[in-house]
Each structure stands twice: as C-alpha cells, then as structure tokens.
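Below is one structure, written out as structure tokens; comments come after it.
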Number of protein chains: 2
Amino acid sequence: MNGNLSPRAIATTRGVCRHLADRGMAPVTEVTLATGRRVDVLALGGDGSLLVVEVKSCAADFHSDGKWEEYLAFCDAFTFAVPPDFPTEILPADQGLIVADDYEAAILRPPAARPRLHASRRKAVTHLFATTAARRLRGLQDPAVADRLERSA
Amino acid sequence: MNGNLSPRAIATTRGVCRHLADRGMAPVTEVTLATGRRVDVLALGGDGSLLVVEVKSCAADFHSDGKWEEYLAFCDAFTFAVPPDFPTEILPADQGLIVADDYEAAILRPPAARPRLHASRRKAVTHLFATTAARRLRGLQDPAVADRLERSA
C-alpha cells in the first residue's frame, strides 16, 4: 500500500481519514472494486452508507485521471479531497470537496445528493469493504499469513 | 487486544485465523457484539456467511465460561477451537470443533447445521465486523487517530 503515492497524497489521505473518523465513519484506503478500479478511500457510516473519497494531490493528478465518474455507481456519496494549495476551480463544481492536510480537514462542498444504492450493490460493496479491511488487518497482525490472505482474496 | 489472553490462546487463535484465511474466510479477532459480549473470532465468508469461533485454551477456560451459547444467535455457524492437548471430551458433542496450534489446524467436527441468520441481523453483524476491522486497521496505520476511532466506535 501507498507504494506509488506522493507524500502530498499520503498526507491528504491521512487527514481525510482522521476527519472521517471524527465524523463517526470507518475509512479504508485503496479498496479495489469488482471492476478492478481502486478507490482512494471507501468509508462506511454508522447507518451503512458508503462514501467514496477521491484524493487529488495536484492539478496534473486530476487531469491525468478521469476514472472517478466510474465510482459514482458504487457509493451513496462521493467527494474529492485535495491539499490546501490545490487549484480547486478545476474540479467539477457539482461534486463534494474536502480540503485536508495531515492535521485538519474542512468540507468546502458537501457531496451531491445521490440516489441510494440498490440493496444488492450495497451488500456487495459492504462485503468488499469488510473483507478488504479484515484481510489487511490480519496481514498486519500476522505477517506470515499475508501471502495466504492475498491468495484467498 | 490480546491483553489478557494466554500464550496458548494466542497461538490457537492465530492458527485458526490462518486456517480460515486458507479457506477463503476473512477473520477478525475479539469482536464486541451489540450485547457487549466479545467473540474470540468472527469470520466473514465469500458468500456473506458469518462464523463465530470460540477459543478455549484449557478445561478451566471452558468450565469458567458458559457464554458461548449466546453467540449462536449472531452467526450462521459456530465452532470451538482448542489446542492439541485439550480434553475435547468435555466439549458439547453437537458443536463444531477445530484443533489448532500456531502451524496447523484440523476440523474434528464441522459446525452444526443452523438456520441462516435473518437479513436484519446479518446486516447488523456484518456492519459490526466491517467497522471493527476498518477502525482497528486504521488505528494501526495511523496510531495518532486510534483515540478518535475509539470515541467514534
């Protein structure tokens, strides 16, 4: 994990995760969806809601990657998260926006209202969230088993 | 975690978790249910099934604790797990049994057939599994946030 993330992206991701934890959401970073795409942060709320956070560390990072729209079908809410000096005017004005560094995070725009996920999709994404978190946790608690966990994923 | 577990219980738990990972299940240790009771291992299968494993490290550990029957209502399958020298004849003959140490695990009796969980109970226990795993993982990845995660749990 974090193998090819810039220090800025890592700091923004960490700040967002702290922010989400403060709001009672449980975040997991780098979750690979059934489509093979990997979301930066997937967070599960107390009510079962699923939030996707797409971290963009700089303008080039945003312009080089248009895959965020594919994530909308897998969550109840979507938001971008960027560092404080990001040129936010380049982001879609109709999507959520969080500005975060290692220490603080502020919601500049809340996520847009979206239709709730269909029950079967919610079940599948929640299951993916749960197994990703559990396997990664187990791999940290018992490094010897990390290889087996990957194989069974 | 593991604060008051014996080395034998820790080894048995680790062996069981390796065994479950090999079977394609994602295990999380020490999960506190809505009742306040804490199960030793809760594992989520690829099909969404929920397995509870109760680890008993010695005869006294079994005799001093009758709370395992309360777990049956929270899972699709239940099994005991014990170390190789455990006097297995003292365990209920109609419940599952895994013998495990750090390196190997063997199913001596499969879990008894049980009614599938009601959908709302399954949803609640899966949510608990997911948030427990995600918060614990995040606490390991970002120790500074562990306190916040506990407060929001």
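Naming convention: chains lettered A, B, ... in sequence-line order (proteins, then strands); numbering from 1 in each chain.
Rounded to the nearest 0.5 Å, atoms CG (Leu137(B)) and OG1 (Thr132(A)) are 10.0 Å apart. In this structure, Thr126(B) OG1 and Leu44(A) CG are separated by 10.5 Å, a value rounded to the nearest 0.5 Å. Residue Arg136(B) holds its CZ atom at 6.5 Å from CD of Gln141(A), rounded to the nearest 0.5 Å.
Summarising the local packing, CD of Glu104(B) is surrounded by 12 or fewer heavy atoms from other residues, nucleotides or ligands at distances under 6.0 Å. Heavy-atom contacts from other residues, nucleotides or ligands closer than 6.0 Å to NE2 of His118(B) number 12 or fewer.
Among Val28(B), Thr29(B), Leu20(B), the one residue that satisfies the side chain to side chain contact (heavy atoms under 4.5 Å, CB included) test with Arg138(A) is Thr29(B).
Distance alone, capped at 3.5 Å, places no donor-acceptor pair between the His127(A) side chain and the Asp47(B) backbone.
Considering only heavy-atom pairs separated by less than 4.5 Å from chain B, the leading option among Ala43(A), Gly48(A), Gly46(A) is Gly46(A).
Phe129(B) and Ala134(A) get closest at one heavy-atom pair: CZ-CB, 3.6 Å.
Met25(B) places none of its side-chain heavy atoms less than 4.5 Å from the side chain of Arg135(A).
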